[in-house]
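Atoms within each ligand, like the ligands themselves, are counted from 1 in listed order.
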Amino acid sequence: MKEDCIFCKIAAGEIPAATLYEDDDFRVILDLGPASRGHALILPKEHYADLSEIREETAEKVLPLAKKVSAAMTKALGCAGINLVQNNGEAAGQTVRHFHMHIIPRYVNGPKIVAWEPGSLSDDDKIQIVKAVKAEL
Ligand code: AMP
Ligand code: ZN
């Protein structure tokens, strides 16, 4: 647990939060500034700043948990879709530096969120990006 990390304190139960689910590794809470009704956050109980730090053993449990909570939300809240959002770094919009995954239920009549203006991918850039990233994998 990291001093002064609000999500460490919430995950440990030291600060109260609306908890949807808890096990040895995770707490799932409602986001206090929801993008939509039911917007939730998966918080690991161990502190990792972001995806670059998370242990693989923990990381591999995140998606099955997101699937489980998403299925429950679909039944309980009647949402028509779900966005999983996971921000890493300030440039990506991460405001709390404790790894978390957003589960955002989406409804037929909005709100319209998680959207971007599509850019374009040039042939040159395509080749350069594929080469550069593949070399690091
Ligand atoms: P991110 O921008 O990906 O770091 O997301 C941080 C999220 O945490 C935001 O959606 C906030 O609304 C949410 N948040 C911040 N503090 C709390 C809190 N005490 N309880 C619940 N959600 C919180
Ligand atoms: Zn933390």
Report summary line: With rounding to 10 degrees, C8 SG, the Zn ion (ligand 2) and H98 ND1 define an angle of 110°
Query raised in the report: Is there any N or O on H102 that sits under 3.5 Å from an N or O of ligand 1?
Result: yes
Report task. Enumerate the atoms of ligand 1 whose separation from the nearest heavy atom of I29 is less than 4.0 angstrom. Result -> 21 (C)
**Report entry** Spacing of L65 atom CG and F26 atom CZ [to the nearest 0.5 Å]
**Finding:** 6.0 Å
Query - Contact with ligand 1 for L41, non-hydrogen, under 4.0 angstrom - result: yes
Query - Side-chain (R27) to main-chain (T19) donor-acceptor, under 3.5 angstrom - result: no
Query raised in the report: Which of the numbered atoms in ligand 1 are below 4.0 angstrom from a heavy atom of I6?
Result: 19 (N)
Report task. Within a distance under 4.0 Å of any heavy atom of N87, pick out the atoms of ligand 1 and give their elements. Result -> 1 (P), 2 (O), 3 (O)
Requested in this report: Give a yes or no on whether E57 atom CD has more than 12 heavy-atom contacts from other residues, nucleotides or ligands under 6.0 Å away.
Outcome: yes
Query - Top protein contact for atom 4 (O) of ligand 1, by heavy-atom distance - result: T95 N, 2.7 Å
Report summary line: Taking every heavy atom of G38 against every heavy atom of L77, the minimum-distance pair comes out as CA-CD1, 3.8 Å
Query raised in the report: Is there a donor-acceptor pair under 3.5 Å between the side chain of E53 and the backbone N or O of F99?
Result: no
Report task. Record the part of V85 in heavy-atom contact with ligand 1 below 4.0 Å; permitted values are side chain, backbone, both and neither. Result -> neither
**Report entry** Name of whichever N/O/S atom of H47 is nearest to the Zn ion (ligand 2)
**Finding:** ND1
Requested in this report: Drop me the distance from M1's CE to H98's NE2, to the nearest 0.5 angstrom.
Outcome: 10.0 Å
Query raised in the report: Would H100 count as a contact of ligand 1 if the rule is a heavy atom under 4.0 Å away?
Result: yes
Query raised in the report: In the protein, which heavy atom is nearest to atom 21 (C) of ligand 1, and how far is it?
Result: L32 N, 3.4 Å
Report summary line: atom 2 (O) of ligand 1 sits nearest the protein heavy atom G93 O, 2.9 Å
Query raised in the report: Can you find a side-chain donor-acceptor pair between D50 and S52 that sits under 3.5 Å?
Result: yes
Query raised in the report: Hey, is A17 one of the residues with a heavy atom under 4.0 angstrom from ligand 1?
Result: no
Report summary line: dist I29:CD1 -> I103:CD1 (nearest 0.5 Å) comes out at 11.0 Å
Query raised in the report: Relative to ligand 1, is L30 under 4.0 angstrom through side chain, backbone, both or neither, heavy atoms considered?
Result: backbone
Query raised in the report: In ligand 1, which numbered atoms sit nearer than 4.0 Å to a non-hydrogen atom of G33?
Result: 12 (O)
Requested in this report: May I ask you to decide if the ring planes of H39 and H102 are parallel, tilted or perpendicular, using 30° and 60° as cut-offs?
Outcome: tilted
Query raised in the report: For atom 19 (N) of ligand 1, what is the nearest protein heavy atom, given as residue, atom name and distance?
Result: I10 CD1, 3.5 Å
Report task. Report yes if some N/O of H39 lies less than 3.5 Å from some N/O of ligand 1; otherwise report no. Result -> no
Query raised in the report: Is a side-chain N or O of S36 found less than 3.5 angstrom from the main chain of P105, in a donor-acceptor match?
Result: yes
Query raised in the report: Above 12 or not: heavy atoms from other molecules or residues under 6.0 Å from CD of E14?
Result: yes
Query raised in the report: If you measure from CE on M101 to CG on L41, what distance do you get to the nearest 0.5 Å?
Result: 11.0 Å
Query raised in the report: If we only count N/O pairs under 3.5 Å, is F7 in contact with ligand 1?
Result: no
Query raised in the report: Where does D31 meet ligand 1, judged by heavy-atom distances below 4.0 Å: at the side chain, the backbone, both, or neither?
Result: both
